[in-house]
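Both ligands and their constituent atoms are indexed starting at 1 by order of listing. For reference, positions follow the sequence shown, starting with 1. This one's a predicted model, so the numbers in the text were calculated from it and none came from an experiment.
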Amino acid sequence: MRVGVLTGGGDCPGLNAVIRAVVRKAERVYGDRVVGFLDGWLGVLEDRFITLDVERCRGLLPRGGTILGTSRYQPFMFDDGMDRVHATLERRGIDALICIGGEGTLSVTEKVGRRGVRVVGVPKTIDNDIAGTERTFGFDTAVAIATEAIDRLHTTAESHNRVMVVEVMGRNVGHIATWAGLAGGATMTLVPERPFDIDEVCASLRRRHERGRYASIVVVAEGARPREGTIEVPEPAVDRYGHRRLGGIANIVAAEIERRTGFETRVTILGHVQRGGSPTAFDRVLSTRFGVAAIDAVHDGAFGTMVALECGVIVRKPLAECVSEIKTVSPEFLDTASVFFA
Ligand code: F6P
């Protein structure tokens, strides 16, 4: 078979490990030829690709980013997008396409699949917000980076008796914030799933400081929003692909805390540090398992599916099911995390 691979959306630690695993099993076990389309769907639209083989994938397991490049362009942004996709796949004799991406890329993959392309999806994102899988690769790495940052902020916060507000990624969900907040012993964590009341945040900090703890760490997910009728925050700008550009809510939260409590407050926005660099051992293994499972799915003819982690086992789920909603943090987990607030 001739199999195409692409990586779409934001990059994420573990992408190269998936590519390596697909190529390894495709070449050594199935005798396939693999091509990697460059810059996500754009490479398919523009017929730009490289040939992938085991030799070319040497050293990829620990390497961050994606050797294929990525973008948020997709066929449905262009009137003739699907015609161009079909033309490229036909010209290159591609029998199936493995699409490694987050919510946006997988939604497009599902739509392209309904238009006659034989697709298999692999869920990637540091945000861990894809339904149908307990984990996406990249999440464990992001949590480890955020946790280390929180550990470091503790000592400087304590030395200066300051409130440190640390903003983590996650888009519209608080998985990274909740995990890193819990692992790092944060004073409190603000997530999109539970809009915050700044009065309550400040009251908790005051109570904590009255008890003699003068340093606090407040973890804020980039998508966290205040409860309606409390403080105003500007609507995020939208990028050229129609994506809301999040980031900066920590500045508003910190300014309000300092103004209302008088506690000296500083802001750290972790940003893209969370998704750069080498994947953790967990993410390397999950990416590898996903890659092997994806090429197996191709050979089983399981098109229109996504590989997923369920109870520790790799399974296949219908793509349509996985892209119909996002996976938010469960109320039970949020309640557990809140036991340790303030
Ligand atoms: O989806 C992954 C993610 O890193 C989000 O956490 C973040 O909101 C977004 O991508 C940022 O994307 P970019 O800066 O690449 O547009």
Side-chain angles (χ1 to χ4, degrees), residues 6-16 18 39-42 64-66 68-74 77 99-109 121-133 135-147 149-150 166-181 189-193 219-225 233-253 268-280 283 286-287 290 306 322-323 325-329:
L6 65 83
T7 54
D11 75 328
C12 170
L15 283 168
N16 285 325
V18 179
D39 305 327
W41 284 106
L42 199 58
T66 162
L68 296 178
T70 185
S71 76
R72 292 203 168 95
Y73 283 104
Q74 46 96 349
M77 288 167 80
C99 304
I100 313 168
E103 188 210 339
T105 302
L106 293 176
S107 298
V108 170
T109 301
V122 178
K124 98 42 262 204
T125 168
I126 63 166
D127 304 334
N128 196 34
D129 61 350
I130 311 262
T133 185
R135 283 289 181 94
T136 53
F137 67 85
F139 173 67
D140 188 67
T141 306
V143 169
I145 293 165
T147 303
I150 294 168
V166 53
E167 181 177 302
V168 298
M169 282 185 163
R171 289 209 77 72
N172 303 312
V173 296
H175 293 288
I176 298 176
T178 310
W179 275 72
T189 301
L190 311 180
V191 293
E193 287 84 347
V219 175
V220 187
E222 64 178 357
R225 288 292 170 268
V233 299
E235 267 305 301
V238 172
D239 69 15
R240 69 171 88 162
Y241 314 100
H243 272 238
R244 290 188 317 141
R245 192 176 286 177
L246 298 172
I249 183 73
N251 290 315
I252 296 169
V253 170
T268 303
I269 297 180
L270 292 180
H272 295 78
V273 163
Q274 293 160 97
R275 66 181 212 209
S278 193
T280 58
D283 279 336
L286 182 61
S287 302
F290 277 170
M306 183 189 89
C322 303
V323 299
E325 57 179 1
I326 58 166
K327 183 181 70 198
T328 54
V329 183

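The closest side-chain heavy-atom distance from V173 to E193 is below 4.5 Å.
Closest approach of P13 to G276, counting heavy atoms only: CG-O, 4.4 Å.
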Could you tell me, for ligand 1, which of its N or O atoms are under 3.5 Å from any protein N or O, listing the pairs and their distances rounded to 0.1 Å?
| unit_1 | atom_1 | unit_2 | atom_2 | d |
| --- | --- | --- | --- | --- |
| ligand 1 | 1 (O) | D127 | OD2 | 2.7 |
| ligand 1 | 4 (O) | R275 | NH1 | 2.9 |
| ligand 1 | 6 (O) | D127 | OD1 | 2.7 |
| ligand 1 | 6 (O) | G170 | N | 3.2 |
| ligand 1 | 6 (O) | E222 | OE2 | 3.3 |
| ligand 1 | 8 (O) | R171 | NH1 | 3.1 |
| ligand 1 | 8 (O) | E222 | OE1 | 3.4 |
| ligand 1 | 8 (O) | E222 | OE2 | 2.5 |
| ligand 1 | 10 (O) | R275 | NH1 | 3.0 |
| ligand 1 | 12 (O) | R72 | NH2 | 3.4 |
| ligand 1 | 12 (O) | R275 | NH1 | 3.2 |
| ligand 1 | 14 (O) | H272 | NE2 | 2.7 |
| ligand 1 | 15 (O) | R275 | NH1 | 3.2 |
| ligand 1 | 15 (O) | R275 | NH2 | 2.8 |
| ligand 1 | 16 (O) | R72 | NH1 | 2.9 |

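For the side chain to side chain donor-acceptor pair (under 3.5 Å) test, no residue two or more places apart in sequence or in another chain qualifies with N16. Taking the side chain to side chain donor-acceptor pair (under 3.5 Å) definition, one finds that T7 meets it with T66, sequence neighbours left out. For R72, there are no salt bridge (Lys or Arg N to Asp or Glu O under 4.0 Å) partners, not counting sequence neighbours.
Among the candidates T105, L286, T136, N128, the single residue satisfying the side-chain contact (heavy atoms from CB on, under 4.5 Å) test with P123 is T136.
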